[in-house]
Amino acid sequence: KKEYRVLEAGREELRRWIAEPRDIEPYRNELMVRMRGEAALGPSGLAPEIERRLQMHQARLAIYRGLEKSEFMGRDLPRPEALSYLILKKGIMNEVTWIDWLKEVLRVLDEDRPQVPPKATKR
């Protein structure tokens with residue numbers, strides 16, 4: 001087993017980098033490009049991909065909620081753990097936002113889906 005440690009020069013560089021001001025990065029997401037295509041072309045079969053992504057975000061949220069419950073709930077957290085918990089909370093907020101947004105996208109896409117009558121059942 002190899003063990004590594006950060007040297008003092010590395011710690012200083014990390015401190016410098018942490019304190020360095022940075023602009024907000026532009027948001028780029030391939031799904032948004034697909035949606036622009038759907039908006040321009042009309043119904044193009046995007047709904048199944050939206051449903052798939054919704055399931056993925058729901059699964060990830062369940063994992064994050066499990067970590068929150070098992071690792072952070074019901075106790076006072078020292079500063080390093082409190083910071084880690086804040087990172088997890090941001091992940092939870094991101095997943096909740098994605099889920100809500102994808103559901104809204106599906107509602108709009110469903111307006112354009114042809115309504116397929118239910119299959120007749122034999123009596």
Side-chain angles (χ1 to χ4, degrees):
K1 174 181 171 183
K2 288 186 178 184
E3 221 174 277
Y4 297 92
R5 64 186 171 89
V6 179
L7 299 175
E8 190 53 38
R11 289 178 181 277
E12 287 305 315
E13 178 58 20
L14 185 56
R15 280 187 191 97
R16 185 204 60 75
W17 179 77
I18 289 170
E20 182 179 276
R22 299 288 298 203
D23 292 338
I24 296 172
E25 300 92 17
Y27 184 72
R28 292 187 177 99
N29 185 295
E30 170 263 340
L31 180 58
M32 303 309 136
V33 176
R34 288 181 183 213
M35 288 184 60
R36 289 274 188 180
E38 178 90 7
L41 300 175
S44 304
L46 184 59
E49 175 62 9
I50 299 297
E51 290 166 349
R52 185 182 77 82
R53 288 176 185 235
L54 175 59
Q55 291 173 358
M56 290 169 47
H57 285 286
Q58 289 168 330
R60 188 179 296 162
L61 178 60
I63 291 167
Y64 288 176
R65 292 276 191 210
L67 285 170
E68 179 182 44
K69 186 176 180 181
S70 67
E71 301 292 323
F72 298 105
M73 299 307 271
R75 62 190 182 92
D76 289 331
L77 301 173
R79 186 176 188 272
E81 287 183 60
L83 290 171
S84 292
Y85 183 38
L86 286 172
I87 295 165
L88 178 63
K89 283 176 69 173
K90 179 60 175 149
I92 289 169
M93 292 183 335
N94 285 346
E95 295 308 320
V96 167
T97 299
W98 268 110
I99 289 165
D100 291 345
W101 184 79
L102 289 166
K103 286 178 179 178
E104 188 173 346
V105 171
L106 281 174
R107 281 193 294 277
V108 171
L109 292 177
D110 280 343
E111 293 171 3
D112 290 333
R113 277 196 205 184
Q115 299 301 313
V116 178
K119 291 184 179 181
T121 56
K122 294 183 181 182
R123 294 183 190 233

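Just so we're clear, the structure is a prediction, and the values are computed from it rather than from any experiment.
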Go through it in stages, so that I can follow the logic: the residues are Arg22 and Glu20, the test is salt bridge (charged side-chain N to carboxylate O under 4.0 Å, His left out), and I'd like the CA-CA distance, side-chain angles, deciding distance and then a yes or no. CA-CA 6 Å; Arg22 299 288 298 203; Glu20 182 179 276; 3.5 Å; yes
After noting the C-alpha distance and the side-chain angles of Leu14 and Val6, does the key distance pass the side chain to side chain contact (heavy atoms under 4.5 Å, CB included) rule? CA-CA 10 Å; Leu14 185 56; Val6 179; 5.9 Å; no
Compare all side-chain heavy atoms of [X] with those of [Y] and state whether any distance is below 4.5 angstrom.
{"X": "Arg65", "Y": "Val96", "value": "yes"}
{"X": "Ile50", "Y": "Val108", "value": "no"}
{"X": "Leu31", "Y": "Trp98", "value": "yes"}
{"X": "Asp100", "Y": "Glu104", "value": "no"}

Are [Y] and [X] connected into the same hydrophobic cluster when the rule is that any two of I, L, V, M, F, W, Y join if their side-chain heavy atoms are below 4.5 Å apart?
{"X": "Ile87", "Y": "Leu61", "answer": "no"}
{"X": "Leu83", "Y": "Ile18", "answer": "no"}
{"X": "Ile92", "Y": "Met56", "answer": "no"}
{"X": "Leu86", "Y": "Leu88", "answer": "no"}
{"X": "Met32", "Y": "Leu102", "answer": "yes"}

Hey, could you give me each pair passing side chain to side chain donor-acceptor pair (under 3.5 Å) that has a residue in residues 71-80? Not counting sequence neighbours.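 Output for this query lists Arg75-Glu81.
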Mind running side chain to side chain contact (heavy atoms under 4.5 Å, CB included) on Glu68 and Tyr85 for me, showing each step along the way? CA-CA 8 Å; Glu68 179 182 44; Tyr85 183 38; 2.7 Å; yes
Any donor-acceptor pair under 3.5 Å from Ser44 side chain to Gly42 backbone: yes
Tell me, yes or no, whether the heavy-atom count around Tyr4 atom OH, taken from other residues, nucleotides or ligands under 6.0 Å, exceeds 12. no
If you draw a 6.0 Å radius around CZ in Arg16, do more than 12 non-hydrogen atoms from other residues or ligands fall strictly inside? yes
Nearest 0.5 Å, what's the NZ-NE2 distance between Lys103 and His57?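 Atom-to-atom, Lys103:NZ and His57:NE2 are 12.5 Å apart.
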If the threshold is 4.0 Å, N to carboxylate O, is there a salt bridge linking Glu49 and Arg53? yes
Which pair of heavy atoms, one from Leu46 and one from Glu38, lies closest together, and at what distance? CB-OE1, 3.4 Å
Minimal non-hydrogen separation, Met35 against Val105, with atom names: CE-CG2, 3.9 Å
With sequence neighbours excluded, tell me which residues meet side-chain contact (heavy atoms from CB on, under 4.5 Å) with Ile63. Leu67
